[in-house]
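Below you'll find the structure, written out as structure tokens, and then a few comments.
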There are 2 protein chains.
Amino acid sequence: MSKVFVSAQEVAERAGVSRSAVSRTFTQGASVSAETRRKVLEAAESLGYHVNHLARGLMRNESGIVCLIVSEIGTPYRSALIRAITQQLQLSGKIAMLINTDRSDGSVDLALRQAIRYRADASIILSGLPDKRIAQLCLKSGQRLVLINRDDDQEGPLRINLDDAEAARRVLTAFVRAGCRNLAFANSEAGTPSLMARESGFIAAAMEMQLEVTVARYGHTGYEAGRVLAQRLLTLPHRPDAVFCATDLIACGFMDAARQQFSISIPDQLCVAGFDDIEQASWASYDLTTFAQPVDEIARTAVMWLSQGQDLNERVKLHAELVWRSSIRGG
Amino acid sequence: MSKVFVSAQEVAERAGVSRSAVSRTFTQGASVSAETRRKVLEAAESLGYHVNHLARGLMRNESGIVCLIVSEIGTPYRSALIRAITQQLQLSGKIAMLINTDRSDGSVDLALRQAIRYRADASIILSGLPDKRIAQLCLKSGQRLVLINRDDDQEGPLRINLDDAEAARRVLTAFVRAGCRNLAFANSEAGTPSLMARESGFIAAAMEMQLEVTVARYGHTGYEAGRVLAQRLLTLPHRPDAVFCATDLIACGFMDAARQQFSISIPDQLCVAGFDDIEQASWASYDLTTFAQPVDEIARTAVMWLSQGQDLNERVKLHAELVWRSSIRGG
DNA sequence: CACAGTATTGCAATGCTGTGCAATCCAGTT
DNA sequence: AACTGGATTGCACAGCATTGCAATACTGTG
């Protein structure tokens, strides 16, 4: 309980060198003789010395910390993304600070303030959008910002998005090829840009083929919403024979309700598509045709951008690959 | 790209006070007049000042950082626990650093070293066990350690575990009451203490009732393992009529394989129980009887212990509540 | 052996904040 | 008016590591 970390000073004394020598031993590319280095490392090892990154960050004006601002951490897609990002960050010598914004809604701003306090080199935002003023404050402080799947026209941050509309078009083609004419779109009420892009992309593609789409929206983006949406859409006079769900979680709920409460056989009587390719989509009970979020590519893109000095204010659109499974006929 | 954070010095100049006054304004319980406070806050707001937690941590010898050392972040149970812990940490004014140890295997030690470098006040370990020497180093530095679900006899850390054996006993009772006699246990090869405790607890309870248990182990703890285990156990001459799966993920895989490949009806021909109560266990396709990991209680216990000064070296056993659903007959 | 050139090393300043200590201010009291 | 006690305030040091600069050690060459 003494809380005594050993400092470079002590290592220096034990090794019989100056404090600078210790510092240089632990700094990439600094000039130290092999002999000094050996003595320092030995002393450090025996005392249990570790460079104090707080002090280093203070001095270098670069903490090595990257803030991950996330809501709904327990969700399959989010947690997969977190996994990928932390891995990439660690590979490039940085470390992730995780901020959970599930509580209130001003909390993204709170999170960004926290990021500033710890002098994070960057923040990666996977939940709501930050207030423009605070985002500017971050950028002005030299902190970089990455927005994932939340389209925004602010200048400065890197914005990574998927080709949602393109994906929606492909789903439509698949549905039509399977002989479906009675289309539906199952969405949540969250209204995030990527969800809305899937919805409007789907509707637009349908319109080109003279087809109509019944849209239903309900609650948060999750399994339960899928069940409720199934209740709504499958009790319509013209029952849909194909439904594109805005996310896999919604699709799972939808499929379960369709089978158990309406005894509908998938894909014979109803074709279903999802989005995200969460692990559960591949489970035998669902075997859902869906679009894979390129989580590793997203993570690589974000972290690479953080390491580069130039090219602020960029916009990247990544491709979501169709993963064909048995929830759509034909293929 | 200027990377210029505003410092207390600048705020002091703008407000026409000393730097100490600024510091005191942002320190709980320090003595500042209302007028000075007002001037400081105003200047701080207009300049966009935020206390530098790196410097504060350096000075106070208390960074406010808690390291979460986790493997398999994308897994439902793990991510739910991360969510609960980050929430609790934030409520008590701390912040989580997330370290992903999925890569190599010495990585828990690497992670702890990282924790020391950032002078984390504590580390919470949800993955492998740390080398004893390094754990000692952490404790000696005044860093606290929490081990969740990984029993270990080291002195110093808080160890939080569940009553796995007790749970196993209750499952057995339920199986017997449902008329099952041909018992099986489906485990992974991971061999973590909690998994093994469930296994041996189940076997011990069965033995008391003169029943035998067929044990199978395979691969990592996940859905795929469940499928393989089903292949093995359901092709035995004496096919089991009840199986206790070490985790819900295994149970989901097991159920899917049982139904689709063996056309077994659950719970009529086979009773299934799981452990963790992940979200998917409540999905209609599974509706799995299982034990709820008290994630919020775990998180509260851990964070509370971190805030208290005394009582190092403690051992806490929490209760996993049975969640009764339809995968076991009767109820 | 002298000298140029390079590799090491130590000094001291720097980054930012918290806090003990002494000085100062203010209000209230006799 | 002098004095007392408490609240504020500023000074200066501490905490830890990085790094420019100048001094020193070392290597090789003519």
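So you know, we letter chains A, B, ... as the sequences are listed, proteins then strands, and number each from 1. Because only heavy atoms are used, hydrogens play no part in the values below, and waters and symmetry mates are left out as well, while side chains stay in.
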Please list, one pair per line, the donor and acceptor atoms closer than 3.5 Å that link side chains of residues 33-45 of chain A to other protein atoms, with sequence neighbours excluded.
from, atom 1, to, atom 2, distance (Å)
A/Ser33, OG, A/Thr36, N, 3.2
A/Ser33, OG, A/Thr36, OG1, 2.7
A/Glu35, OE2, A/Arg38, NH2, 3.2
A/Arg38, NH1, A/Glu42, OE1, 3.0

Atom pair distance, as rounded to whole Å: [atom1] in [X] and [atom2] in [N]:
X	N	atom1	atom2	answer
A/Leu54	C/dG18	CG	P	13 Å
A/Gln9	D/dG15	CD	P	11 Å
B/Arg117	D/dA17	CZ	P	13 Å
A/Glu10	D/dA17	CD	P	9 Å
A/Asn61	D/dA17	CG	C1'	14 Å
B/Asn52	C/dG18	CG	P	9 Å
A/Arg37	C/dA7	CZ	P	16 Å
A/Phe5	D/dA17	CZ	C1'	15 Å

Looking only at side-chain N and O atoms, does [X] come under 4.0 Å of OP1 or OP2 in [N]?
X	N	answer
B/Arg56	C/dT17	no
A/Tyr118	C/dC16	no
A/Tyr49	D/dA17	yes

Residues that B/Ala80 engages under side-chain contact (heavy atoms from CB on, under 4.5 Å), provided they are two or more places apart:
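With sequence neighbours excluded, B/Ala80 shows a side-chain contact (heavy atoms from CB on, under 4.5 Å) to no residue whatsoever.
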
Tell me, please, which residues at least two apart from A/Gln9 pass side-chain contact (heavy atoms from CB on, under 4.5 Å).
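If we apply the side-chain contact (heavy atoms from CB on, under 4.5 Å) test to A/Gln9, skipping adjacent residues, the hits are A/Ser7, A/Glu13, A/Arg19.
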
Not counting sequence neighbours, which residues clear side chain to side chain donor-acceptor pair (under 3.5 Å) with [X]? List them please.
X	value
A/Thr221	A/Ser188
B/Arg300	none
A/Gln87	B/Arg103

If you measure only the distance, is there a donor-acceptor pair under 3.5 Å linking the side chains of B/Tyr49 and B/Glu10?
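Side chains of B/Tyr49 and B/Glu10: no pair found under 3.5 Å.
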
Distance-only donor-acceptor check, side chains A/Ser46 and A/Arg14, under 3.5 Å:
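Yes.
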
Side-chain donor/acceptor pairs under 3.5 Å, residues 124-137 of chain A, sequence neighbours excluded:
from, atom 1, to, atom 2, distance (Å)
A/Ser127, OG, A/Thr101, OG1, 3.1
A/Asp131, OD1, A/Arg133, N, 2.6

With a cut-off of 3.5 Å and sequence neighbours excluded, list every side-chain donor-acceptor pair involving residues 21-31 of chain A.
from, atom 1, to, atom 2, distance (Å)
A/Thr25, OG1, A/Ala21, O, 2.8
A/Thr27, OG1, A/Ser23, O, 2.8

What pairs of donor and acceptor atoms, side-chain ones from residues 90-97 of chain A against any protein atom, are under 3.5 angstrom apart with sequence neighbours left out?
from, atom 1, to, atom 2, distance (Å)
A/Gln90, OE1, B/Asn100, N, 2.7
A/Gln90, NE2, B/Asn100, O, 3.0
A/Ser92, OG, A/Leu89, O, 3.3

Both B/Leu58 and B/Glu35 contact DNA chain D. Taking the nearest nucleotide for each, which residue is further toward the 5' end?
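The residue mapped nearer the 5' terminus is B/Glu35.
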
Please check this pair: side chain of A/Asp121 against backbone of A/Gly64, looking for a donor-acceptor N/O pair closer than 3.5 Å.
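Side chain of A/Asp121 to backbone of A/Gly64, a donor-acceptor pair under 3.5 Å: yes, one is there.
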
Take the C1' atoms of the five end pairs on each side of the helix from C/dC1-D/dG30 to C/dT30-D/dA1, derive the two axes, and give their angle rounded to 10 degrees.
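That helix gives 50° between its end axes.
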
Could you encode protein contacts along nucleotides 19-28 of chain D as a string, one character per nucleotide from 5' to 3', using B for base contact, S for sugar-phosphate-only contact and - for no contact, with a heavy-atom cut-off of under 4.0 Å?
BBB-------

Review item, nucleotides 5-8 of chain D N/O atoms under 3.5 Å of protein N/O:
from, atom 1, to, atom 2, distance (Å)
D/dT8, OP2, B/Ser31, OG, 3.2

